[in-house]
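Since the structure is predicted, the reported quantities are computational estimates derived from the model, not experimental observations.
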Amino acid sequence: MSVRRTAIRLAVALAFVAQFVAAAPALAADARMLPETRVTSVKQPFDALVKRLEQSIKDNKMGLVAQASATRGAASIGVTIPGNAVLMVFRPDYAVRMLEASVPAGIEAPLRIYVTENADGSTSISYPLPSAVFKPYGNSRLDEMARELDPILDKIVRDATGG
C-alpha cells in the first residue's frame, strides 16, 4: 500500500474516532432521555465487563442469541474505536409466548444490552426495559411477559456490575 493511501486511511480513521469520542457523552445523555431506558456506568474495563455480562446472561437462565461489535467491525478494516458491543438476549420459552401473543412483536426480539467504553476507562451499559419495548403493541399478554423480563434484565446487569 502506498504511503499516501496509508496516510489518507489513517486520517479518515482518526477523524472517525474523534467524532465518535466527541459524540459519546451526547449519546449517553440522549439514552438517559429515552423513556424506560436504564443507563449505568461502572469502573470496569470494557472487555472484562462484556465477559461478566455474558456469564450473567447464562447464570440468569437467558440466552445470548447474538452479539454485534462495532469495535470488531472497525478493526476488520484497520480502524480502532473505543469498545462498543450489543448483546442480544432472549430465551425460547419467551419467544413462543411473544409470538403467541403477537407475531408483529417478533421484531423486538432479541432484547438488547448496549455496552460502550468511556474515555476514562469506565464502561457504560444501557438497555430499554422490556415493558417499554413491548408496550406499543397494546397487548396484555405481551405486557405480562415483559413485566417478567424487566427484573431479569435488571438482575443480569446488576450481577455483572456488582451493583
For the atom pair [atom1] ([X]) and [atom2] ([Y]), what is the distance rounded to the nearest 0.5 Å?
{"X": "Ile113", "Y": "Ile125", "atom1": "CD1", "atom2": "CD1", "answer": "7.5 Å"}
{"X": "Phe134", "Y": "Met145", "atom1": "CZ", "atom2": "CE", "answer": "4.0 Å"}
{"X": "Phe90", "Y": "Glu108", "atom1": "CZ", "atom2": "CD", "answer": "9.5 Å"}

Can you give me the closest heavy-atom contact between [X] and [Y], atom names plus distance?
{"X": "Ala68", "Y": "Met88", "result": "N-CE, 3.6 Å"}
{"X": "Ser131", "Y": "Asp150", "result": "OG-OD2, 2.6 Å"}
{"X": "Ser122", "Y": "Asp120", "result": "OG-OD1, 2.5 Å"}
{"X": "Leu64", "Y": "Ile57", "result": "N-CG2, 3.8 Å"}
{"X": "Pro104", "Y": "Tyr137", "result": "O-OH, 3.6 Å"}
{"X": "Leu49", "Y": "Gln44", "result": "CD1-OE1, 3.3 Å"}

Side-chain contact test, heavy atoms from C-beta onward, threshold under 4.5 Å: evaluate it for [X] versus [Y] and give yes or no.
{"X": "Phe46", "Y": "Val115", "result": "yes"}
{"X": "Asn84", "Y": "Tyr114", "result": "yes"}
{"X": "Val133", "Y": "Glu36", "result": "no"}
{"X": "Tyr127", "Y": "Thr40", "result": "no"}
{"X": "Thr116", "Y": "Thr123", "result": "no"}
{"X": "Leu129", "Y": "Asp154", "result": "yes"}
{"X": "Arg97", "Y": "Arg91", "result": "no"}
{"X": "Glu117", "Y": "Asp47", "result": "no"}

Going by distance alone, is a donor N or O of one side chain under 3.5 Å from an acceptor N or O of the other, for Ser41 and Ser124?
yes

Do Ser102 and Asn139 have side-chain atoms, one donor and one acceptor, less than 3.5 Å apart?
no

Report the C-alpha distance between Met98 and Leu142 in whole Å, list the side-chain angles of each, state the deciding distance to 0.1 Å, and finish with yes or no for side-chain contact (heavy atoms from CB on, under 4.5 Å).
CA-CA 6 Å; Met98 174 191 62; Leu142 280 177; 3.8 Å; yes

Hey, mind stepping through Gln67 and Arg72 against side-chain contact (heavy atoms from CB on, under 4.5 Å) and telling me if it holds?
CA-CA 11 Å; Gln67 189 171 352; Arg72 288 188 214 129; 3.4 Å; yes

Check each of Asp159, Leu153, Thr161 against Val157 using the side-chain contact (heavy atoms from CB on, under 4.5 Å) test, and report the only one that passes.
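So the option named by the test is Thr161.
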
Shared ILVMFWY cluster between Val103 and Val96, side chains joined below 4.5 angstrom?
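Different clusters.
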
Group every Ile, Leu, Val, Met, Phe, Trp and Tyr by side-chain heavy-atom contacts under 4.5 Å, then state whether Val86 and Leu149 land in the same group.
no

Could you check whether any side-chain N or O of Arg158 sits under 3.5 Å from a backbone N or O of Ile156, counting only pairs where one atom can act as donor and the other as acceptor?
no

